[in-house]
Colleague: 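Below are the structure tokens for one structure; questions will follow.
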Protein chains: 2
Amino acid sequence: MHPRRYHHGDLRAALLERAEQVLREKGPAALSLRELARDLEVSHAAPSRHFKDKQALLDALALAGFERLDTALTTGAAPGSSFADRLGALVRGYVGFATANPQLLDLMYAVKHDPQATEALTAAAQRGLLRAAELVTEGQRTGEVRPGPAERLCLPALAAVHGFAGLAAGGLLPPEEAAAGLDDVVAFVLRGCAPDRTTGT
Amino acid sequence: MHPRRYHHGDLRAALLERAEQVLREKGPAALSLRELARDLEVSHAAPSRHFKDKQALLDALALAGFERLDTALTTGAAPGSSFADRLGALVRGYVGFATANPQLLDLMYAVKHDPQATEALTAAAQRGLLRAAELVTEGQRTGEVRPGPAERLCLPALAAVHGFAGLAAGGLLPPEEAAAGLDDVVAFVLRGCAPDRTTGT
DNA sequence: ACCTGAACACCGTTCAAGT
DNA sequence: ACCTGAACACCGTTCAAGT
């Protein structure tokens with residue numbers, strides 16, 4: 001009746017894959033360890049061999065999400081391109097990931113009730129800040145970005161991108177505003193990063 | 001044994017109040033209708049008279065959160081103050097609310113699986129955008145903000161504030177960065193809104 | 001109108017036991 | 001090492017019945 005039993009392969013990976021699918025299609029409230037086990041034709045206690053509890057599975061899902069987000073942020077920029085082009089690629093990468101994986105993004109940035117225990121997760125979250133800092137530092141080197149401590153710029157810049165992505169993914173923007181908004185955010189961030197005109201030329 | 005039975009007062013309001021307390025102290029996963037009923041010394045079926053299901057209670061919680069956020073956004077600005085001062089007040093109001101109610105903020109902006117059914121909620125969410133638009137329009141009137149369609153500016157500006165508040169509330173920023181970041185965000189948004197220097201004076 | 005009590009189908013987690 | 005099966009304490013939701 002069933003095509004095959006599953007318990008030979010990589011159950012951990014299969015659980016994560018199926019969990020992400022359920023998260024995407026039915027939301028986090030519909031995620032149940034027992035249902036995952038049923039889907040994979042495994043006893044309901046089997047998942048506990050790979051994830052000590054439900055939160056551990058959610059954390060693993062979020063961590064995998066951060067890794068995919070990082071690759072989305074670091075691809076798409078031509079090697080020798082301008083700061084504006086690199087920023088545009090980063091914004092498109094972030095927003096593209098967010099709209100393609102809205103529930104996962106929610107999970108990734110969910111407030112942790114447990115303060116520590118998730119340090120790998122907060123470290124992964126801060127990698128986005130690191131990517132923004134790299135971009136800003138490079139732009140400062142070429143003179144396309146105002147001088148000063150990089151954190152003073154990359155934090156507000158990333159906040160704008162992160163905030164826009166969150167609003168767009170949450171469906172809080174009218175569709176046409178969401179589309180046009182992306183370019184507006186890029187332009188806004190460019191102005192925020194631009195050198196002072198008075199000292200220039 | 002029990003101090004008193006509860007079933008006389010406003011059970012709906014009592015449920016919301018207790019639910020928010022549990023959300024704040026123990027996170028959303030610990031929120032259970034049955035436990036709320038137990039806390040309020042009421043049968044476990046009583047809440048269904050006031051909220052058709054658990055999601056309805058969460059939605060009501062989120063809606064109340066948006067109302068409190070709106071008052072936080074609209075207070076704190078002196079009547080005749082500058083655009084910079086008004087913007088600073090709005091940012092402090094937003095970030096103050098976010099850090100004081102991190103779990104509630106998460107709930108308010110959680111991705112809705114149900115696409116409609118929550119239109120009151122998305123309308124409430126868009127009121128923040130409306131407040132930003134008012135601020136921008138007023139700034140354009142006084143010449144402190146660059147001209148053009150207000151949405152082109154208020155969406156990126158609010159995205160920056162919203163994104164920063166989310167990062168700060170989620171504990172993803174080192175504490176000293178979170179404190180200094182607020183002023184950086186204000187300065188960044190001011191630059192993004194400022195009129196072009198070339199046409200000025 | 002508002003609440004109770006029982007019932008149903010479902011959870012997460014644990015643990016002895018199997019292979 | 002990895003999984004099963006039973007058990008425990010807990011859910012959300014529904015519904016007849018009470019006042």
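Just so it is clear: chains get the letters A, B, ... in the order the sequence lines come, proteins before strands, and each one is counted from 1. Since the structure is predicted, the reported quantities are computational estimates derived from the model, not experimental observations.
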Colleague: Nearest-Å distance, NE2 (A:His44) to C1' (D:dA7)?
Modeller: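 Atom NE2 in A:His44 sits about 9 Å away from atom C1' in D:dA7.
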
Colleague: Is any side-chain heavy atom of A:Leu33 closer than 4.5 Å to a side-chain heavy atom of A:Leu57?
Modeller: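 Yes, side chains in contact.
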
Colleague: Return no unless some side-chain N or O of A:Ser32 is found under 4.0 Å from OP1 or OP2 of C:dG12.
Modeller: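 Yes.
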
Colleague: Indicate whether OP1 or OP2 belonging to C:dG12 is found under 4.0 Å from a side-chain N or O atom of A:Ser48.
Modeller: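 Negative; the distance criterion is not met.
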
Colleague: Starting at the 5' end of DNA chain D and moving along, which residue's nearest nucleotide shows up first, A:Ala45 or B:Lys54?
Modeller: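 It is A:Ala45 whose nearest nucleotide is closer to the 5' end.
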
Colleague: Can you tell me the distance, in whole Å, between the CD atom of B:Glu35 and the P atom of D:dT13?
Modeller: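 Roughly 16 Å, once rounded to whole Å.
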
Colleague: When you measure from the side-chain N and O atoms of B:His50 to the phosphate of C:dC3, is any distance below 4.0 Å, counting only OP1 and OP2?
Modeller: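 It does, given that an N or O in the side chain of B:His50 lies less than 4.0 Å from OP1 or OP2 of C:dC3.
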
Colleague: Specify the separation, in whole Å, of atom CG of B:Leu40 and atom C1' of C:dC2.
Modeller: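 That distance rounds to 15 Å.
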
Colleague: Under a 3.5 Å cut-off for both distances, is C:dC10 Watson-Crick or wobble paired, and to whom?
Modeller: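 Looking at the geometry, C:dC10 pairs with no nucleotide.
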
Colleague: Rounded to whole Å, how long is the line connecting atom CZ of A:Arg34 with atom C1' of D:dA9?
Modeller: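 So the CZ-C1' distance, A:Arg34 to D:dA9, works out to 12 Å.
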
Colleague: Please report the closest heavy-atom contact between A:Tyr94 and A:Leu158, naming both atoms and the distance.
Modeller: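 For A:Tyr94 versus A:Leu158, the nearest heavy atoms are CE1-CD1, 4.2 Å.
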
Colleague: State, to 0.1 Å, how close A:Ser43 and A:Ala37 come at their nearest heavy-atom pair, and which atoms those are.
Modeller: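 Shortest heavy-atom contact: O-CB, 3.5 Å.
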
Colleague: Drop me the distance from B:Gln103's CD to B:Leu61's CG, to the nearest 0.5 angstrom.
Modeller: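 Rounded to the nearest 0.5 Å, the CD-CG separation comes to 11.5 Å.
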
Colleague: I need the CG-P distance between A:Leu33 and C:dG12, as an integer number of Å.
Modeller: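 My rounded result for the distance is 5 Å.
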
Colleague: May I ask you to verify if any side-chain N or O of B:Ser43 is less than 4.0 angstrom from the OP1 or OP2 atom of C:dG5?
Modeller: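 Result: no.
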
Colleague: Whole angstroms only, please: what is the CZ-P distance between A:Arg49 and C:dC15?
Modeller: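 Taking atom P of C:dC15 as the reference, CZ of A:Arg49 is at 11 Å.
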
Colleague: Can you tell me how far C1' of C:dC3 sits from CZ of B:Arg12, to the nearest Å?
Modeller: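 Rounding to the nearest Å, CZ of B:Arg12 and C1' of C:dC3 are 17 Å apart.
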
Colleague: Using a 4.0 Å heavy-atom cut-off, does A:Arg38 contact any base of the nucleic acid, only the sugar-phosphate backbone, or nothing at all?
Modeller: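 Sugar-phosphate contact only.
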
Colleague: Taking a pair as Watson-Crick or G-U wobble with both distances under 3.5 Å, which nucleotide is matched to C:dG18?
Modeller: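 Per the H-bond distance test, D:dC2.
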
Colleague: Under 3.5 Å, is there a donor on one side chain and an acceptor on the other for B:Arg18 and B:Gln21?
Modeller: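 Yes, because at least one side-chain N or O of B:Arg18 sits under 3.5 Å from a partner of the opposite role on B:Gln21.
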
Colleague: What is the distance, to the nearest angstrom, from the CG atom on A:Leu36 to the P atom on C:dT13?
Modeller: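 It works out to 12 Å between those atoms.
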
